[in-house]
Amino acid sequence: MKASEVVMLSADELEDKLLSLKKDLFFLRMQHATNQLDNPIRIAQTRKDIARVKTVIRQKQLERAGG
């Protein structure tokens, strides 16, 4: 997921995306713990996607509060 894609989402879509990514991360960690995860790099990618979404959510909150 690219940052430009995240910026285009609405606030509700961002919240839904964040929830979805957190669920994905949970299941990836479960698979990793049980040695069923094929690509452990997906954990890092998902964490970075979560950070991107949170950053955009915060930016939009500050824009609304600032003016």
Side-chain angles (χ1 to χ4, degrees):
M1 169 176 290
K2 295 184 179 181
S4 60
E5 296 171 0
V6 176
V7 172
M8 297 298 176
L9 299 175
S10 69
D12 291 334
E13 291 172 331
L14 286 170
E15 293 295 333
D16 291 341
K17 187 69 173 172
L18 182 61
L19 185 62
S20 170
L21 286 169
K22 285 184 177 183
K23 286 181 183 178
D24 289 346
L25 182 61
F26 173 76
F27 288 118
L28 287 171
R29 285 181 174 162
M30 289 277 289
Q31 289 177 350
H32 185 64
T34 59
N35 293 326
Q36 296 176 349
L37 185 60
D38 295 332
N39 187 4
I41 295 172
R42 287 188 58 209
I43 293 174
Q45 290 171 341
T46 304
R47 289 180 65 219
K48 288 179 184 180
D49 286 342
I50 290 171
R52 281 187 197 99
V53 170
K54 283 185 172 184
T55 300
V56 172
I57 289 172
R58 183 65 180 147
Q59 286 174 344
K60 289 188 180 210
Q61 287 174 346
L62 291 175
E63 286 175 2
R64 275 187 265 135

- prompt: To the nearest 0.5 Å, what is the distance between CG (Leu28) and CD1 (Ile41)?
  reply: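 It comes to 12.5 Å.
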message: Run the side chain to side chain contact (heavy atoms under 4.5 Å, CB included) test against Asn35 and tell me which residues pass, sequence neighbours left out.
response: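 Asn35: no side chain to side chain contact (heavy atoms under 4.5 Å, CB included) contacts found.
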message: Can you list everything that forms a side chain to side chain contact (heavy atoms under 4.5 Å, CB included) with Ser4? Sequence neighbours excluded, please.
response: Lys2
- prompt: Using a side-chain heavy atom cutoff under 4.5 Å and only I, L, V, M, F, W and Y, what cluster partners does Phe26 have?
  reply: Phe27, Met30
Review item, side-chain donor-acceptor pairs of residues 42-58, under 3.5 Å, at least two apart:
from, atom 1, to, atom 2, distance (Å)
Thr46, OG1, Arg42, O, 2.7
Asp49, OD1, Arg52, NH1, 2.6
Arg52, NH1, Met1, O, 3.4
Thr55, OG1, Ala51, O, 2.8
Arg58, NH1, Gln61, OE1, 3.4

message: Does Asp38, at its CG atom, have more than 12 non-hydrogen atoms belonging to other residues, nucleotides or ligands within less than 6.0 Å?
response: no
Please list, one pair per line, the donor and acceptor atoms closer than 3.5 Å that link side chains of residues 6-17 to other protein atoms, with sequence neighbours excluded.
from, atom 1, to, atom 2, distance (Å)
Ser10, OG, Glu13, N, 3.3
Ser10, OG, Glu13, OE1, 3.4
Glu13, OE1, Ser10, N, 2.9

